[in-house]
Amino acid sequence: MTGLAWGAAAIPAGLSVQQACALSLLAFSGASQFAIAGVVSGGGALFTGTLGAVMLAGRNALYGLRLADLLRVQGWRRAICAHFVIDETTAVATAQPDRASARVGFFATGIPTYALWNLTTFIGAIGATRLGDPERYGLDLLGPAMFLGLLWPRLTAGATEVRVAVLGALIAVLAVPVLPTGVPIMVAAFAALLGLRERQRERERVKEPVR
């Protein structure tokens, strides 16, 4: 469904079917792809959209550090594995009891997900082009709706996550009138520092000796 939504959202954002499919083939990161489309469709620069996408994909680098030690893939295979490092493959691989099972879980999740992601991107993009004016059917709202869907599970995780989200939204709203399109969302990422500070305080409290 996410792939269909991305393909459908890419067309009203101004991308062609080929461009939408190329992003899915080369980026393979739903949140980052939606970020590029959102910034470009809002009139922002491609550089700004790409920078925001890279920031969102930064978590995959942290996943990669964990998976590199777990999978221990060598040579050119490391590049292929790096392309498949996403939330789903990381979750499945790290849940396995040994290295062999982790490799099987990683590729058994990554290859079908990659194939379905690209197939549904194509179907969604073709379908959006056949519908005519995307805004007539509300397809221009698919991108924001998908981001809200990604955000919701984090909002229910705890009070810290809610405070970070509220602060991020406040920063973005204040920055929109004075900064170029796409930049406010990146500035709002500084709200994450509040979450890091509270996590650090929690760890320090746990380490404090009982008097």
Open item on the list: How long is the straight-line distance from CG of Leu70 back to CG of Asp98, given to the nearest 0.5 Å?
Closed with: 9.0 Å

Open item on the list: Between Trp76 and Ile111, is there shared hydrophobic-cluster membership here, with clusters defined by ILVMFWY side-chain heavy atoms closer than 4.5 Å?
Closed with: yes

- [ ] Could you tell me whether the side chain of Ile80 reaches within less than 4.5 Å of the side chain of Val73, counting heavy atoms only?
- [x] no

- [ ] Indicate yes or no for a side-chain donor-acceptor contact from Thr129 to the backbone of Ile126 under 3.5 Å, with no hydrogens or angles considered.
- [x] yes

Open item on the list: Nearest 0.5 angstrom please: Gln33 CD to Trp117 CH2, how far?
Closed with: 5.0 Å

Open item on the list: Can you tell me how far apart CG (Leu71) and CZ (Arg99) are? Round to the nearest 0.5 Å.
Closed with: 8.0 Å

Open item on the list: Any non-hydrogen side-chain atom of Arg103 less than 4.5 Å from a side-chain atom of Arg72?
Closed with: yes

Open item on the list: If I compare all heavy atoms of Thr113 with all of Ile86, which pair ends up nearest, and what's the gap?
Closed with: CG2-CD1, 4.0 Å

Open item on the list: Looking at Tyr114 and Leu25, would you say the former's side chain and the latter's main chain have a donor-acceptor pair under 3.5 Å?
Closed with: yes

Task: For the student: nearest non-hydrogen atoms of Arg78 and Ala68, plus distance - done: NH2-CB, 4.4 Å

TODO: Looking only at non-hydrogen atoms, find the nearest pair between Ala93 and Ala102 and report the distance.
DONE: O-CB, 3.4 Å

- [ ] For residues Ser24 and Thr121, report the shortest heavy-atom separation together with the two atoms involved.
- [x] OG-OG1, 2.8 Å

- [ ] For the pair Thr109 (side chain) and Phe106 (backbone), establish whether a donor and an acceptor sit closer than 3.5 Å, ignoring hydrogens and angles.
- [x] no

- [ ] Search all heavy atoms of Leu15 against all heavy atoms of Gln19 and return the closest pair with its distance.
- [x] CA-OE1, 3.3 Å

- [ ] Can you see which heavy atom on Gly105 is nearest to which on Val92, and at what distance?
- [x] O-CG1, 3.6 Å

- [ ] Check for a donor-acceptor pair, side chain of Thr89 on one end and backbone N or O of Phe84 on the other, with a separation under 3.5 Å.
- [x] yes

- [ ] Could you tell me whether Tyr63 atom OH has more than 12 heavy atoms of other residues or ligands within 6.0 Å of it?
- [x] yes

